Structure formats: structure tokens, C-alpha cells
*Asks:* 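One structure, pasted below without further comment.
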Amino acid sequence: MSKLIIQSEKCIACGKCYLNYPQVFDCEDDGIAFVQEDATEQDQKMARSAIFDCPTRAIEEVDHTPSPSQ
Ligand code: SF4
């Protein structure tokens, strides 16, 4: 499993990600983007190209495998 994250310190509030994929990304009042908590894994997969569209590469895909319970 993987999920998208945004390194907000790299975001320049260009708006590309949340204009192209509003089901996954949203922004704060200052335009800085974040990944919506309720974005499904399927939606995040469909929004993967946002990683390459972001001018500052602020969006990353990280491994999100839950650790086994002990
Ligand atoms: S595309 Fe990148 S720089 Fe533009 S709003 Fe989204 S995260 Fe920020």
C-alpha cells in the first residue's frame, strides 16, 4: 500500500494539484496544498501524475504498509 503526502515547506501554492485532482488534494487559506484525509487509495492512485506535475516536487508517494500487530 502507498499513499501520497505533500511536503508543505516545498509547496508554492500553484494550485495544480488541487485543481486537477480535487477529490484528493485541497488547500489551506494561503493556498498551501494538503492531501485530504478521506481520499481513498484508489483516488490517490489516479492522482499519481500530480507527483510529476508539481513544479517543486512537493508531492511524494510513500509506503504505507501497516505494521503487523503483535
Ligand atoms: S502542485 Fe505542488 S506546488 Fe502546486 S499546489 Fe500542489 S503541492 Fe503545491
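Note that the coordinates shown come from a computational prediction; the quantities given were computed from them, not determined experimentally. Every number for a ligand or one of its atoms is a count from 1 in the order of the listing.
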*Asks:* Identify, for atom 4 (Fe) of ligand 1, the protein heavy atom at the shortest distance, and state residue, atom and that distance.
*Replies:* Cys14 SG, 2.3 Å
*Asks:* Looking only at protein heavy atoms, which one is nearest to atom 2 (Fe) of ligand 1, and how far off is it?
*Replies:* Cys54 SG, 2.3 Å
*Asks:* Among all protein heavy atoms in this structure, tell me which lies nearest to atom 8 (Fe) of ligand 1, with the distance rounded to 0.1 Å.
*Replies:* Cys11 SG, 2.3 Å
*Asks:* Can you tell if the side chain of Val62 reaches within under 4.5 Å of the side chain of Lys3, non-hydrogen atoms only?
*Replies:* yes
*Asks:* So which protein heavy atom does atom 6 (Fe) of ligand 1 come closest to, and at what separation?
*Replies:* Cys17 SG, 2.3 Å
*Asks:* Nearest protein heavy-atom contact for atom 5 (S) of ligand 1: which residue, which atom, what distance?
*Replies:* Gly15 N, 3.3 Å
*Asks:* Between CD of Glu60 and SG of Cys54, what distance do you get to the nearest 0.5 Å?
*Replies:* 10.0 Å
*Asks:* Just how far is it from atom CD of Gln23 to atom CZ of Phe25, taken to the nearest 0.5 Å?
*Replies:* 8.5 Å
*Asks:* Show which atoms of ligand 1 fall inside a sub-4.0 Å distance from at least one heavy-atom site of Tyr18.
*Replies:* 5 (S)
*Asks:* In Å and rounded to the nearest 0.5 Å, what is the CD to CZ distance from Gln7 to Arg57?
*Replies:* 12.0 Å
*Asks:* Nearest to atom 3 (S) of ligand 1, what protein heavy atom do you find, and at what distance?
*Replies:* Ile12 N, 3.4 Å
*Asks:* Looking at CG of Asp26 and CD of Glu37, how far apart are the two atoms once the value is rounded to the nearest 0.5 Å?
*Replies:* 11.5 Å
*Asks:* Residue-level breakdown please: for Phe25 versus ligand 1, do any non-hydrogen atoms fall below 4.0 Å on the side chain, on the backbone, on both, or on neither?
*Replies:* neither
*Asks:* Please check: side-chain N/O of Ser2 versus main-chain N/O of Glu61, any donor-acceptor pairing under 3.5 Å?
*Replies:* no
